[in-house]
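Inspection log for the structure reproduced underneath, given as structure tokens.
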Amino acid sequence: WNHIVTPLLWKRPCFYRLDKVELFATTLIGTGGCTGRYAGLVESLSFSTLAEGDRNNPHLATLVDTIVNCMVRANNHDMGAGNQRRMPNVIKRSRSLSRNSQVSEGDVGLMDDSVLQLNGLDSPATGVRLFDMETTTIYTSSLRQLDLRFCKGVRNYSLQRLAPKLASLGVLDLAGGLRTDITIAKLAQHMYGLKRLSLAWTSNLTDFGVSELVQRCKDIEALDLTY
């Protein structure tokens, strides 16, 4: 019976009190984190069932950070042609800036050198190799759904820091969390497989944030902007 029930309970854990979230995080740490027996079982996390006081508690951000970090595995990937989609957008942005009439020729030269450096090439202007972009770290986990509805305790800064480690998400609910354009843009940089996103009751969001989202998350199927 234990072999049947345990995976089911860990697949979609339910939290009604903050101390239960803390117990969950402690258990993950105590059983070996991402290499433990439980971390790979978790597919969905929902914190919207917590009481309002717990949802707004800043300690929730620390616990969510701990849980996610216990679940992810870091993998180094070759930045070849097959992974161009994950290349930083600094290259694209510097090229677009070079077409701006307000940018001087000297600035264009500097940006062109930066493009070469970011591609792992020597800059002809300096002869110095500053960056090596042949590999990048990709985080993977079993987590597919994350519900942070009205969880104001998880600040935008915390979400931005977690963004690279949420790449496996297919469903994300951030309704009523005071999210900003910058936060959404940062999340969109990493969550290429995102299919459903709720940003309902988010007054801070503008067209810029939505534009960044739809440009980067090509697989998005449902976007809730109810207000």
Side-chain angles (χ1 to χ4, degrees), residues 1-51 54-78 83 85-86 135-175 177 179 183-184 186-198 217 219-220:
W1 178 251
N2 183 58
H3 291 293
I4 298 174
V5 174
T6 299
L8 291 176
L9 292 176
W10 277 86
K11 185 176 182 179
R12 298 175 181 272
C14 296
F15 305 109
Y16 296 98
R17 299 202 314 267
L18 196 62
D19 61 328
K20 296 300 181 182
V21 180
E22 190 163 2
L23 177 61
F24 183 83
T26 303
T27 303
L28 280 178
I29 296 172
T31 54
C34 66
T35 61
R37 58 180 296 196
Y38 297 126
L41 299 176
V42 183
E43 294 183 5
S44 175
L45 289 172
S46 177
F47 301 97
S48 62
T49 50
L50 293 169
D54 289 341
R55 293 198 310 271
N56 296 338
N57 192 327
H59 186 48
L60 178 61
T62 303
L63 294 176
V64 172
D65 186 275
T66 300
I67 292 170
V68 172
N69 277 286
C70 280
M71 296 178 61
V72 296
R73 295 174 181 267
N75 304 285
N76 290 327
H77 284 258
D78 178 45
N83 288 299
R85 203 176 168 195
R86 297 187 182 274
T135 61
T136 188
T137 301
I138 304 298
Y139 295 95
T140 59
S141 76
S142 59
L143 188 62
R144 298 293 179 265
Q145 300 183 36
L146 179 60
D147 180 3
L148 292 172
R149 275 178 296 170
F150 295 95
C151 291
K152 298 177 182 178
V154 182
R155 308 290 185 181
N156 287 317
Y157 175 70
S158 300
L159 269 180
Q160 291 174 36
R161 288 203 320 164
L162 271 181
K165 299 175 182 179
L166 298 176
S168 63
L169 287 182
V171 179
L172 177 60
D173 195 334
L174 297 176
R179 307 308 169 192
T183 302
I184 300 307
K186 181 67 174 179
L187 290 169
Q189 286 180 5
H190 300 278
M191 297 191 299
Y192 295 100
L194 191 66
K195 295 182 181 300
R196 303 178 64 87
L197 173 64
S198 176
C217 301
D219 296 331
I220 199 86

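Quick note: numbers below take in every heavy atom, side chains included, and nothing from hydrogens, waters or symmetry partners. For this chain, numbers begin at 1 and follow the sequence in order. A quick note: this is a predicted structure, and the numbers were derived from the prediction, not measured.
- In this structure, a donor-acceptor pair under 3.5 Å is present between the side chains of Ser141 and Ser168.
- Between the Thr27 side chain and the Leu23 main chain, a donor and an acceptor come within less than 3.5 Å of each other.
- Pro13 and Val42 get closest at one heavy-atom pair: CD-CG1, 4.3 Å.
- Applying the salt bridge (Lys or Arg N to Asp or Glu O under 4.0 Å) rule to Arg73 yields no partners; only residues at least two apart in sequence or on another chain are considered.
- Separation of atoms NZ (Lys195) and SG (Cys217) is listed at 11.0 Å; rounding is to 0.5 Å.
- In this structure, Leu146 and Val171 have side chains that are not in contact, with every pair of non-hydrogen atoms separated by 4.5 Å or more.
- Contact record, Leu50 with Leu18: CD2-N, 3.9 Å, taken as the closest heavy-atom pair.
- Judged by distance alone, the side chain of Tyr157 and the main-chain N or O of Val154 form no donor-acceptor pair under 3.5 Å.
- In this structure, Arg149 and Arg55 have side chains that are not in contact, with every pair of non-hydrogen atoms separated by 4.5 Å or more.
- Here the shortest heavy-atom pairing between Gln145 and Leu169 reads N-CD2, 3.8 Å.
- Side-chain atoms of Thr183 never come within 3.5 Å of backbone atoms of Gln160 as a donor-acceptor pair (strictly under, hydrogens ignored).
- Under the 4.5 Å side-chain criterion, counting only non-hydrogen atoms from C-beta, Asp173 is not in contact with Leu148.
- Nearest heavy atoms, Ile220 versus Arg196: CD1-N, 4.2 Å.
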Problem - Phe47/Val21 under side-chain contact (heavy atoms from CB on, under 4.5 Å): CA gap, chis, key distance, verdict - result: CA-CA 9 Å; Phe47 301 97; Val21 180; 3.8 Å; yes
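- Of all the heavy atoms in Asp54 and Tyr16, the pair that sits closest is OD2-O, 4.4 Å.
- In this structure the side chain of Leu174 never reaches within 4.5 angstrom of the side chain of Ser198, judged on heavy atoms.
- Using a 30° and 60° split on the angle between ring planes, Phe15 and Phe24 fall in the perpendicular class, above 60°.
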Exercise for the section: Kindly determine whether Leu166 and Leu172 satisfy side-chain contact (heavy atoms from CB on, under 4.5 Å), including the steps that lead there. Expected result: CA-CA 10 Å; Leu166 298 176; Leu172 177 60; 5.6 Å; no
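- Among all heavy-atom pairs drawn from Arg155 and Pro58, the shortest one is NH2-CG, 4.4 Å.
- Looking at heavy atoms from C-beta onward, Leu45 lies out of side-chain contact with Asp147 at the 4.5 angstrom threshold.
- Contact annotation: the side chain of Leu159 approaches that of Arg179 to within less than 4.5 Å [non-hydrogen atoms, C-beta and beyond].
- Ser44 contributes atom OG, which lies 14.0 Å from atom CH2 of Trp10 (distance to the nearest 0.5 angstrom).
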Please output the side-chain donor-acceptor pairs of residues 61-72 that fall under 3.5 Å, not counting sequence neighbours, one pair per line with the distance.
residue: Asp65; atom: OD1; partner: Asn69; partner atom: ND2; Å: 2.9
residue: Thr66; atom: OG1; partner: Thr62; partner atom: O; Å: 2.9
residue: Asn69; atom: OD1; partner: Lys165; partner atom: NZ; Å: 2.4
residue: Asn69; atom: ND2; partner: Asp65; partner atom: O; Å: 2.7

